[in-house]
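Structure first, commentary second.
Atom set for the values below is all heavy atoms of this structure, side chains included, hydrogens, waters and symmetry mates excluded. Each chain gets a letter, A, B and so on, in the order its sequence line appears, and its residues count up from 1.
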Amino acid sequence: MTTAVRLQNIHKRFGALEVLRGITLEAQEGEVLSLLGSSGSGKSTLLRCINMLEIPNDGDVWVAGEAVKFRAGRQGQSRTVDTAQIDRLRSRIGMVFQSFNLWPHLTILENVIEAPIHVLKRPRSECIQEARDLLERVGIGDKAQYYPAHLSGGQQQRAAIARALAMHPNLMLFDEPTSALDPELVGGVLRVIRSLAEEGRTMLVVTHEMAFARDVSSRVIFLHKGEVEADGPPEDVFTNSSSPHFQQFLGREARTE
Amino acid sequence: MDLARTFELVGFGPDGWGAILLAGTATTLAAAFCGLLLSFVLGALGASAKVAGGPAARAAAETYTTILRGVPELLVIFLFYFGSSSVLGAIAALFQYQGFIALPGFLAGVLAIGVVEGAVMVEVLRGAFLAVKPGEIEAAKACGMNTFLRFRRIIAPLTLRHALPGIGNVWIGLLKGSSLLSATGVAELMRQTQVAAGSTRLPFDFYVAAGAIYIVITVSSGVVFQLAERHYSRGVARP
Ligand SMILES: Nc1ncnc2c1ncn2[C@@H]1O[C@H](COP(=O)(O)OP(=O)(O)O)[C@@H](O)[C@H]1O
């Protein structure tokens, strides 16, 4: 197996707040990792360190075997060294955001073909054909000509997944993809994500959906105050994790569900 | 006021001033349009300095907007017109030339109103940029768009959509501000109206006519901006 992502001793601070305190984590190709943890434990920040939307203050990041170049700058703020490298790596990493972040001035179809045409420089007609197939696949084939504002949250999130898939990513990052959705729309989006997992795609999913984490992921990572407290197959972590924080967390999640 | 007489005066007949007023209107539109281009360039520079510039660029943009908000437009026009004449005059004196030279009134006037409205445009474009949701820019980063592509495909179109109403106001400001060019003798609508009013001794007829022309221009530009807004906000706002 080859390593899709490797994080080594990642530290990230926002001002005085240390959000990640030495995270080491590896994901093999084909693995589906669920990142769990209470709000503020650093899950999103960790995910965003992988595609350099946040730049770690310390540590090393490898994506597809390639070391990402960044270094500490002035005032403890880190910065990237090689923007061309970052842009290239980002084009191979699909990201799905909690708030969808579709581009409101483009139709759903235009959202999906935008990056394949302009970043990957692929022929327009080919991209359109593929985008239509992807939209069909996520169940909104009839919405291609709509603008994002005219779709429900669930439909927007599926469009955002299609937009990420159109780049043929090696790795997919999901940042709480169903947290902004009305409860009745969650299921449809989770079904799409589950079908991607079943295709053997490499995915890191920040989620509060315990059933999803248990049934779909190959590994569960539990973060507590910026550190990995549990890491293993879901059946191990859920049934006999020794972390008291994880048990507390499960109790809280069960109550809110 | 005798309407029939007014229409004859501003008409295109043998005694009519229509052709002259029309030429003045064209000059007014040309001055306002050139001013719009200049104010847009200055506004874009100032807004990017304020949003993304270093401390020096930010301070420069801040100084520009603060000063030009507090100075009458007419003063800026005189500054460009007579100010340029003293600079150019000094240079000409080096070559033994003694006459009055200055920037052409039209050029000085366009520079002045463009610089004044540019200060307004800085705030219009800055506000419009800040209205773009950071997540939408982040999504562009996340799929590998480089800085230039992000700006061209995502940031600029979204910013312009938010800026349209403000740009419409700047355009109206430029149309009205262009009347001040009459002070340096530029033959725009206001100046031609003064000339006509003076030589016919019928000021009321001509000033009313000029007012009507200004209103026709501003109202029809308002309609154009509204149509543009509606067209470009497809998708941006819920219908
Ligand atoms: N850009 C930022 N600036 C300052 N603080 C931030 C920023 N992003 C996240 N944080 C803080 O970092 C902590 C962890 O955030 P996050 O990674 O979003 O946690 P989680 O995803 O587990 O809820 C929170 O306390 C949050 O307020």
Review point. What do you reckon, is CZ of B/Arg191 surrounded by more than 12 foreign heavy atoms closer than 6.0 Å?
Key: no
Practice item. Could you tell me which portion of A/Arg88 (side chain, backbone, both or neither) has an atom closer than 4.5 angstrom to a non-hydrogen atom of chain B? Key: neither
Practice item. Could you list the residues that satisfy ring pair (Phe, Tyr, Trp, His ring centres under 6.0 Å) with B/Phe151, not counting sequence neighbours? Key: none
Review point. To the nearest 0.5 Å, how far apart are NZ in B/Lys133 and CZ in A/Phe100?
Key: 8.5 Å
Check your understanding: Around atom CZ of B/Arg152, are there more than 12 heavy atoms of other residues, nucleotides or ligands at under 6.0 Å?
Key -> yes
Review point. Which answer fits A/Arg48, side chain, backbone, both or neither, if we ask what part of it has an atom under 4.5 Å from a heavy atom of chain B?
Key: side chain
Review point. Are there residues of residues 45-57 of chain B that reach to under 4.5 Å of chain A by heavy atoms, and which ones?
Key: none
Study note, to complete from the structure: When the 4.5 angstrom heavy-atom criterion is applied to A/Ile93 and chain B, the contacting part is backbone
**Study point:** Close approach to chain A in residues 134-146 of chain B, criterion heavy atom under 4.5 Å
**Key:** B/Gly135, B/Glu136, B/Glu138, B/Ala139, B/Ala140, B/Lys141, B/Ala142, B/Cys143, B/Gly144, B/Met145, B/Asn146
Review point. Between A/Thr83, A/Leu53, A/Asn51, which has the largest tally of heavy atom pairs under 4.5 Å with chain B?
Key: A/Leu53
Check your understanding: Any chance CZ of B/Phe40 has more than 12 other-residue heavy atoms, nucleotides or ligands included, within less than 6.0 Å?
Key -> no
Review point. Does atom CZ of B/Phe33 have more than 12 heavy-atom neighbours from other groups under 6.0 Å away?
Key: no
Review point. Is a donor on one side and an acceptor on the other found under 3.5 Å between the side chain of A/His105 and the backbone of B/Arg161?
Key: no
Check your understanding: Is it the case that more than 12 heavy atoms not belonging to A/Phe14 sit under 6.0 Å from its CZ atom?
Key -> yes
Review point. So what's closer than 4.5 Å to chain B heavy atoms on A/Leu102: side chain, backbone, both or neither?
Key: backbone
Check your understanding: Are more than 12 heavy atoms from other residues, nucleotides or ligands located less than 6.0 Å from atom OH of B/Tyr207?
Key -> yes
Check your understanding: Given the options A/Glu114, A/Met167, A/Gln98, which has more heavy-atom pairs under 4.5 Å with chain B than any of the others?
Key -> A/Glu114
Point to revise | Engaged part of B/Leu149 at the chain A interface, taking heavy atoms whose separation is under 4.5 Å | key: side chain
Practice item. Please name all residues satisfying ring pair (Phe, Tyr, Trp, His ring centres under 6.0 Å) with B/Phe12, sequence neighbours left out, ordered by chain then number. Key: none
